[in-house]
Amino acid sequence: MKYIETQTLPSLGHAEVRIIAHTPEAARAVAEALRGCFAGAEQRSYPGLDGDTRLHLTVDTATPAGPAARPWLAASLTPVGAGAHSDET
């Protein structure tokens with residue numbers, strides 16, 4: 001089942017990230033990796049419907065977290081003409 005949230009968009013230059021994992025530790029590890037690349041606000045975690053963990057955080061996409069993040073960010077840019085994956089809209 002596809003879950004679609006109806007919320008207002010984050011402010012310009014920011015992205016809302018939703019992480020769903022089996023354990024809180026796994027969700028925190030992913031959030032920590034994102035914070036290594038982007039400046040961001042505190043994370044918010046919630047229990048999931050099936051005993052999973054849902055972690056939400058806002059990242060500032062206009063402000064890299066530090067100089068070490070820049071080479072990775074530049075290399076990870078999507079090539080022009082690459083579309084969404086089959087399960088994305």
(request) Measure the shortest side-chain to side-chain distance between R28 and L55 over non-hydrogen atoms and say whether it is less than 4.5 angstrom. (result) yes
(request) Write down the atom of P10, the atom of A15, and the distance for their closest heavy-atom approach. (result) CG-CA, 4.1 Å
(message) With rounding to the nearest 0.5 angstrom, report the CG to NE2 distance, L12 to H14.
(response) 9.0 Å
(message) With rounding to the nearest 0.5 angstrom, report the CG to CD1 distance, L34 to I19.
(response) 5.5 Å
(request) Return the minimal non-hydrogen interatomic distance between F38 and V59, and the atom names on each side. (result) CB-CB, 3.8 Å
(message) I need the minimum non-hydrogen distance between A27 and T53, along with the two atoms involved.
(response) CB-CG2, 4.1 Å
(request) Might you work through the side chain to side chain contact (heavy atoms under 4.5 Å, CB included) test for E32 and V30, ending with a clear yes or no? (result) CA-CA 5 Å; E32 188 62 32; V30 172; over 6 Å; no
(message) Give me the atom names and distance for the closest heavy-atom approach of D60 to G13.
(response) OD1-O, 3.2 Å
(request) Mind listing the closest non-hydrogen atom pair of R35 and L57 along with its distance? (result) NH1-CD1, 4.2 Å
(message) Could you check whether any side-chain heavy atom of R44 comes within less than 4.5 Å of a side-chain heavy atom of T58, counting everything from C-beta outward?
(response) yes
